[in-house]
Amino acid sequence: MTPRPSSSGPDPEETAAKKAAAKETTTGKKATAKKAAAKKTAAKKTVAKKAVAKKAAAEKTVGKKSVAEKSVAEKSVAEKASGSRAPARKASGKKAVPAAVRPVETPASPALDAADRERLLAGTHHDPHTVLGAHPVPGGVAFRVFRPYALAVSVLTGELRTELRDDGDGFFSGLLPLGEVPAYRLLVTYEETVQEAEDPYRFLPTLGDLDLHLIGEGRHEQLWQALGAHPTVHDGVAGTRFTVWAPNARGVRVAGGFNFWDGTGHPMRSLGATGVWELFLPGIGAGELYKFEITRPDGSRTFRADPLARRTEVPPATSSVVHASDYTWGDAQWLARRAEAPAHEAPMSVYEVHLPSWRPGLTYRELAEQLPAYVGDLGFTHVELMPVAEHPFGGSWGYQVTGFYAPTARLGDPDDFKYLVDRLHQAGIGVLMDWVPAHFPRDDWALAEFDGRPLYEHSDPLRAAHPDWGTLEFDFGRREVRNFLVANAVYWCEEFHIDGLRVDAVASMLYLDYSREPGQWTPNEHGGRENLDAVAFLQEMNATVYRRVPGVVTVAEESTAWDGVTRATHHKGPSGFGGLGFGLKWNMGWMHDSLQYMSHEPVHRKYHHGEMTFSMVYAYSENYVLPISHDEVVHGKRSLVSKMPGDWWQQRANLRAYLGFMWAHPGKQLLFMGQEFAQGAEWSEAHGPDWWLLDPEYGAAADHLGVRDLVRDLNAAYRATPALWRCDTHPSGFAWVVGDAAEDNVLAFLRLDADGTPLLAVSNFAPVVRHDYRLGVPDDVPAWHEALNTDAARYGGGGVTNPDPVKPEALGWHGRPASIRLTLPPLATVWLRPA
């Protein structure tokens, strides 16, 4: 029931009781009663005078209606406004209302009291719906409207128009003698226009109790459907529901292009203890710009982008955009089969892409016409998109996110991004995306101190400030913040059909002392340096995503030896922690060691042989991805081919040998764009890959095309050879042939399918041909044939190959019952399969 305003007047029952008591009073009390009656009579006269004045004002603004018509209309307000719900009454000078229907009451003043006016003007009213809109009061229905800059406001009920009194400062009010609140609209007159509109303050909340309960518990797994801006139809009226979580705010208002960025007239209501504010604005639809105007605890105001905005303006503009998707997906077949095998038991070779610079200037839809064809031709199973979520600074490559629920508007709208994902799926290519829950930038229009106090960030400044990037770390211990992030992970997978999330900077989340000196961090409750809140968040995120979206994979960029990154969350390890629950983990150790080895001149490599073999000591401790990512080809680290020693021929030969070794090594593969054709320059987000290197008019184009052809053939052979991926995460899928030939710079190993079918991979990282190089092999393979050779002439190599099948000899070698003799080309990797 709507609370009675403080200015509602006396209660009828209480007045009757006082009259009964008055009959039994003394003479002095009777005199007091007569005095009160006289005051009541005077009040009635005052009300009558006000009614006359109100009638005169109405006659002035109605327009072409005659004075007589207005008089009749005002006398029959109740009949016409109530419609069929009230009995017809004769138009007469007296209002005949049966006592059973309406008791005799003293009409209440419809105007707002001073306190409510002040709070609405100051933007600190927590429940404007209780005072604005239409409310039953003694004497009828009070209408109160707050429309700054309006010259006049009228209430339209049926065919009747009644002008409200101008109370100043944009407030308008009126009391209509109605039995109940009618259906009504507002007619608002401004200096140059007249607008007919619905009153936002006549609607009940659009958010249900279940939504609020889940938000309060931090368990709303589809949070984006509750918070943010949602075009909807509410009580038969089209508009947009605005909701935002701001528990520390004294008041919140919606500002946008629809109110000339002045939110004064659109205050939101607080929905209880959840900290959620809500307002349904009729007539507002998709495409409108908006922000939330928040009054902080200290009384100051700030304009903030919506944390759950699903669309944004194109940076550097920062407004949120109301969005409604009408995209129809065409990837049902892909979604149906992607869960057939877990990622660690399926082929996965990933092409990492920075969308804005892959083909600079292309939109999502234009990329959809080129990227699937290019990636599909090269045989990669997946693309990994560097962060797609909105970010203000392009030079961050997307790793400093301000719009966690919005694809960057630089390349198009959210439906355009869906189209790109859809086309990749239809081409048989999975889509992974980088996800950044570790931190966020300090922009004063985004998440930092969102409602005037630390909200998304930790309240302890030492815990909040990220020491490396000048950003803020999320407060993973706060349930609403954890919900914001967990739901965000689900959002990308459910709404955009993303097949996997590569979680950035996991190590910075896991350790309280990450990049901090003694005295700059506080141990956890057990005295350790582990961030227990972050651990719980990652476990919840992984468990929720895997439960809700079958077939997806989560990948951790985790650079330490944390125990159990890819272990199930309910399985505890030696450290006492349950697993983090990721599907895969980037093998940063392999990447660092192997690149270090390859950067040495071949003559020195024998002293670093262990850098290429050490990865097998821990290869099965986690489910690994072997990443050659964007981080390894920027900021002075040089491109992949430029890391290699020697002249141009040797650099390319080293690169080809390294790629052959990488594709055969246990683990999934990831290669950053441009490295597939031996780009010599570092990557720059300003211009992207050097595609001109592949132009036939360029004299050295064949050198680059040769490396690209090798990558295509590596992917084709990899996908066709289950031994290279079926048992990726089990020791039974790998066996050394020779791992200690440091003097020769040779590495040889077997990869094995579940049924024992082998592939023999041999890498010669010396710049000399090794003839009749003997290797031990199983004795149950009658002959081996060369499946791939990185020194083939078509790749730009010297053409030193083993063209004929190689038969084993009954001569034990390397601890095996048989052996073969091979010609090992210089700086090359050779794959052999059973003939």
Side-chain angles (χ1 to χ4, degrees), residues 112 116-129 131-133 143-156 164 166-173 184-203 206 228-232 234 237-244 246 249-270 277-296 300-306 308-309 311-313 317-324 445:
L112 286 172
D116 284 323
R117 282 176 63 106
E118 179 59 30
R119 289 161 63 200
L120 286 168
L121 288 170
T124 59
H125 206 297
H126 75 284
D127 198 0
H129 292 69
V131 292
L132 298 178
F143 289 84
R144 304 185 188 98
V145 177
F146 184 29
R147 292 289 173 123
Y149 312 114
L151 301 180
V153 176
S154 297
V155 173
L156 305 179
L164 301 181
D166 186 345
D167 296 327
D169 294 327
F171 292 97
F172 299 83
S173 66
Y184 71 95
R185 291 171 62 84
L186 300 176
L187 191 68
V188 186
T189 302
Y190 294 99
E191 188 170 332
E192 296 181 356
T193 184
V194 177
Q195 299 177 353
E196 184 176 333
E198 296 283 351
D199 184 359
Y201 298 94
R202 77 174 183 85
F203 295 94
T206 57
H230 292 267
T232 186
H234 185 40
V237 177
T240 294
R241 178 190 73 202
F242 294 91
T243 45
V244 64
R250 292 178 61 189
V252 183
R253 305 190 283 205
V254 181
F258 45 84
N259 58 17
F260 302 99
W261 296 101
D262 185 345
T264 306
H266 290 123
M268 304 175 75
R269 64 176 146 207
S270 174
W277 299 75
E278 179 265 357
L279 179 65
F280 174 72
L281 287 184
I284 303 302
E288 291 280 3
L289 305 181
Y290 71 100
K291 281 187 177 181
F292 294 114
E293 182 186 357
I294 296 174
T295 302
R296 301 182 179 106
S300 62
R301 297 175 191 162
T302 178
F303 282 85
R304 296 293 174 135
D306 184 356
L308 278 96
R311 184 181 172 191
T312 68
E313 279 190 290
T318 60
S319 295
S320 303
V321 182
V322 178
H323 175 67
W445 50 268

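One-based numbering along the sequence shown. Keep in mind the model is a prediction, meaning the values are calculated, not measured. Quick note: numbers below take in every heavy atom, side chains included, and nothing from hydrogens, waters or symmetry partners.
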Indicate yes or no: at least one non-hydrogen side-chain atom of [X] is less than 4.5 angstrom from one of [Y].
X	Y	answer
T189	V153	no
E288	V321	no
L186	V155	yes
R202	V237	yes
P128	L120	yes
W261	L289	yes
L279	R253	no
V252	E293	no

With side chain to side chain contact (heavy atoms under 4.5 Å, CB included) as the criterion, how do D169 and L121 come out once you've worked through the C-alpha distance, each side chain's angles and the decisive distance to 0.1 Å? CA-CA 8 Å; D169 294 327; L121 288 170; 3.9 Å; yes

Within a reach of under 6.0 Å around OH of Y149, are more than 12 heavy atoms found that belong to other residues, nucleotides or ligands? no

Nearest heavy-atom pair of [X] and [Y]: which atoms, and what distance?
X	Y	answer
A286	P231	N-CG, 4.3 Å
V322	A229	CG2-CB, 4.1 Å
G133	D199	CA-OD2, 3.4 Å
T302	R304	OG1-NE, 2.9 Å
G265	P148	CA-CD, 3.7 Å
F172	A152	CE2-CA, 3.9 Å

F146 vs F171 aromatic rings, parallel, tilted or perpendicular, using cut-offs 30° and 60°? parallel

Describe, in one word, how the ring planes of F258 and F242 are oriented to each other, choosing from parallel (under 30°), tilted (30 to 60°) and perpendicular (over 60°). tilted

Output all residues satisfying side-chain hydrogen bond (donor to acceptor under 3.5 Å, both in side chains) with E118, sequence neighbours left out; order by chain, then residue number. none

Please tell me whether T243 and E278 have a donor and an acceptor in their side chains that are separated by less than 3.5 angstrom. no

List the steps, then state whether side chain to side chain contact (heavy atoms under 4.5 Å, CB included) holds for E198 with L281. CA-CA 8 Å; E198 296 283 351; L281 287 184; over 6 Å; no

Pairwise distance [atom1]([X]) to [atom2]([Y]) - rounded to 0.5 angstrom:
X	Y	atom1	atom2	answer
H323	T240	NE2	OG1	12.0 Å
E196	S154	CD	OG	10.5 Å
R250	T124	CZ	OG1	5.0 Å

When you look at K291 and D306, which way does the salt bridge (Lys or Arg N to Asp or Glu O under 4.0 Å) test go after all the steps? CA-CA 6 Å; K291 281 187 177 181; D306 184 356; over 6 Å; no

Would you say the side-chain atoms of [X] pair up with the backbone N or O of [Y], donor to acceptor, closer than 3.5 Å?
X	Y	answer
T295	G123	yes
E313	S319	yes
N259	G256	yes
W445	F303	no

Stepwise, does the side chain to side chain contact (heavy atoms under 4.5 Å, CB included) test hold for D167 with L112? CA-CA 9 Å; D167 296 327; L112 286 172; over 6 Å; no

Run the numbers on L164 and V145 for side chain to side chain contact (heavy atoms under 4.5 Å, CB included), then give the verdict. CA-CA 9 Å; L164 301 181; V145 177; 3.7 Å; yes

Hits for ring-ring contact (aromatic ring centres under 6.0 Å, His included) against Y201, two or more places apart or cross-chain, chain-then-number order -> H129

Under the rule for ring-ring contact (aromatic ring centres under 6.0 Å, His included), what residues qualify as partners of H230, not counting sequence neighbours? none

D116 and R119: CA distance, side-chain angles, deciding distance, salt bridge (Lys or Arg N to Asp or Glu O under 4.0 Å) verdict: CA-CA 5 Å; D116 284 323; R119 289 161 63 200; 3.5 Å; yes

